[in-house]
Amino acid sequence: MVKNVFDVIFGGEFLFDWNQKRAIEIEFVGLAYWMFGYGLTFGDSKHQLGRFFGFGDFFFDPERISDDDSTDEVGKKIRIRSYILIIQKGISYSLFIFQMGFATTTSTIVSAGMSERIHLKSHCFISFAITLVHSIAGHWVWDQEGIFRTMGVVDSAGCSAVHLVGGISGLVATLYLTPRRNRFAKNGIRTVSDPTKAIL
């Protein structure tokens, strides 16, 4: 019944499939970004390939920040240090969630090019993989030691790490996959969708 109501209101199988995959995609992108993405983007750059990807901070956990001054004799200094650590953890969580939003956007750009042409398991795998690709490209332009950042490239609103990576990946996926089923009539003319959807 819910699916039938959804079909009537929002336009059938395409949007039901699309929304179902978006809900699951957020989970897989979040998992990939938590496991590896944040570390590839903002991990340590002081290694041989540090200009190309970060290393470390995998399985993101700001609780790893330690209080080095805990043996200090003055209680006031300990309280101030603890307060600073709480602020640092809050900033770390905020940055993580903000950057995960960019990773999710990159993945949704790709998935729009694959709609109705890919199974759910494959979609989950591709979402996971695209998140890692986005994270490496993000390191190039967002990390202080990133290869493009050191050349002076400024990434305005995620135009390269989000939209360029998502657009190119979506184009590759679209070229690889066949056209959508039932999108075109047998004579090659595109079928017209319901114009009342524009009102919604």
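Residue indices begin at 1 and follow the sequence shown. We use all heavy atoms of the structure for the numbers below, so side chains are in, but hydrogens, waters and symmetry mates are not.
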Roughly how far apart are [X] [atom1] and [Y] [atom2], rounded to 0.5 Å?
X    : Y    : atom1 : atom2 : answer
D143 : D44  : CG    : CG    : 9.0 Å
I87  : K89  : CD1   : NZ    : 12.0 Å
T106 : L164 : OG1   : CG    : 10.0 Å
H123 : M114 : NE2   : CE    : 5.5 Å

Using only atom types and a distance under 3.5 Å, with no angle test, would you say the side chain of [X] pairs donor to acceptor with the backbone of [Y]?
X    : Y    : result
H163 : G158 : yes
D155 : S160 : yes
H134 : A161 : yes
T150 : I147 : yes
T174 : G170 : yes
H119 : K121 : no

Could you pull out the closest heavy-atom pair between [X] and [Y], with the gap in Å?
X    : Y    : value
A32  : L132 : O-CD2, 4.3 Å
T41  : H139 : O-ND1, 2.8 Å
H47  : G54  : NE2-C, 4.0 Å
G166 : V110 : O-CG2, 3.5 Å
S107 : I130 : CA-CG2, 4.1 Å
M100 : G30  : SD-CA, 3.4 Å

Check whether the ring centres of [X] and [Y] lie less than 6.0 Å apart, and answer yes or no.
X    : Y    : value
W34  : F60  : no
Y33  : F96  : yes
F102 : W142 : yes

Is it the case that R22 and T108 place a side-chain donor and acceptor less than 3.5 Å from each other? no

Take I24 and C124 through the test side chain to side chain contact (heavy atoms under 4.5 Å, CB included) and record every step on the way to the result. CA-CA 8 Å; I24 294 170; C124 293; 3.6 Å; yes

Tell me whether [X] shares a hydrophobic cluster with [Y], the cluster being built from Ile, Leu, Val, Met, Phe, Trp, Tyr side chains joined at under 4.5 Å.
X    : Y    : answer
V162 : L171 : no
I118 : I26  : no
L31  : V29  : no
L175 : I168 : no
V154 : W140 : no

Heavy atoms of other groups near F125 CZ, more than 12 under 6.0 Å: no

Hey, is CZ on F28 packed in by over 12 heavy atoms from elsewhere, all under 6.0 Å? no

Listed partners of F55 passing ring pair (Phe, Tyr, Trp, His ring centres under 6.0 Å), at least two apart: F58

For F36 and F128, take the angle between the two ring planes, folded into 0 to 90°, and tell me which bin it lands in: parallel under 30, tilted 30 to 60, perpendicular over 60. perpendicular

Do S111 and E25 make a side-chain contact, defined as non-hydrogen atoms from C-beta onward lying under 4.5 Å apart? yes

Is there side-chain contact between V133 and V165, with heavy atoms separated by less than 4.5 Å? yes

